[in-house]
Amino acid sequence: MINQIREATDYLKRHGVTSPEVGVILGTGLNNKFVEKIKNPVIINYNSIPHFPISTVEFHKGKLIYGDVKGKKVLAMQGRFHYYEGYSMQQITLPVRVMKLLGVQYLLISNAAGNLNLKWKKGQLMLLEDHINLQPDNPLRGPNVEIFGPRFPDMSQPYSKKLNNRLIKIAKQRKIKLNQGVYVAVMGPNLETRAEYRFLGRIGADAVGMSTVPEVLVANHMGLPCCAISVLTDDCDPDNLKPVVLSDIIAIAGKTEGKLTELYVELIASL
Ligand code: HPA
């Protein structure tokens with residue numbers, strides 16, 4: 001694994017990704033507007049990078065984009081990997097380790113998630129304040145690589161207070177509604193039953209999705225400050241549940257993408 005991470009890192013350095021400062025992971029339906037903000041882009045397809053998985057979900061593009069946003073060097077993943085695609089947890093988090101070795105100092109994550117909090121509505125954003133991990137595996141399982149981080153990484157503050165406080169301030173200034181809450185990660189790929197949504201709400205989650213937590217665990221392990229924003233794409237009210245299809249999720253994500261992009265671009269400017 002360490003050799004794979006080093007080979008991918010060396011390949012990217014040789015292909016122009018020399019000094020990224022901020023890493024960005026773009027989630028389902030959130031692939032376009034942020035990428036349009038990247039100036040002087042160097043574009044590298046995942047399938048040309050040694051040991052990079054290839055996104056198997058057809059609505060996820062599979063490209064790394066390196067360029068300038070507000071004077072900072074940004075490396076964005078247009079398309080992420082999910083455990084439900086069949087990859088191991090180590091494979092889906094390999095890009096985060098590569099970003100860290102390339103010199104990234106902050107990791108900004110996005111995802112599409114179901115809304116469990118009945119005070120909120122789909123189409124709104126949620127800043128992750130904390131998470132619950134219900135995925136059946138963990139990227140840190142196995143022998144610990146001490147040069148990356150400790151055996152038992154602390155999780156008392158998985159999302160950077162500094163980044164979150166800045167995002168809250170930017171959202172206020174720009175009149176963007178930014179809820180704060182707890183994200184629960186499940187394996188997927190099925191959406192949840194009514195009983196499962198009820199359960200997830202009761203254990204303290206405000207939003208549910210199939211990603212993000214593996215990347216956050218690896219970022220914390222390596223001491224890489226991170227933040228994450230969910231686009232709430234569907235309302236998960238167990239007493240009033242409507243069928244949800246992927247095209248609805250992608251449509252809502254697409255509509256909300258502009259606000260998320262504005263928050264992340266301004267956050268990058270402030271770093
Ligand atoms: N459940 C799990 N993942 C999701 C959902 C959901 O309702 N919506 C978007 N991603």
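Along the sequence shown, residues are numbered consecutively beginning with 1. Atoms within a ligand are numbered from 1 in the order they appear, just like the ligands themselves.
The existence of a salt bridge linking Arg198 and Asp239 is confirmed by a sub-4.0 Å separation between a basic side-chain nitrogen and an acidic carboxylate oxygen. By the 4.0 Å N-to-carboxylate-O rule, Asp235 lies too far from Lys121 to be salt-bridged with it. Note on Arg80 versus Glu215: salt bridge recorded, some NZ/NE/NH1/NH2 to OD/OE distance being below 4.0 Å.
For Tyr11 and His51, the distance between ring centers is not under 6.0 angstrom.
Hydrophobic clustering (ILVMFWY, side-chain heavy atoms < 4.5 Å, transitive): Tyr183 and Met187 are in one cluster.
Interatomic distance, CG of Leu64 versus CE of Met99, reported as 6.0 Å (0.5 Å rounding).
Sorted by chain and number, the residues within 4.0 Å of ligand 1 by heavy atom are Ala112, Ala113, Gly114, Leu191, Glu192, Tyr197, Val208, Gly209, Met210, Thr233, Asp234, Cys236, Ile249.
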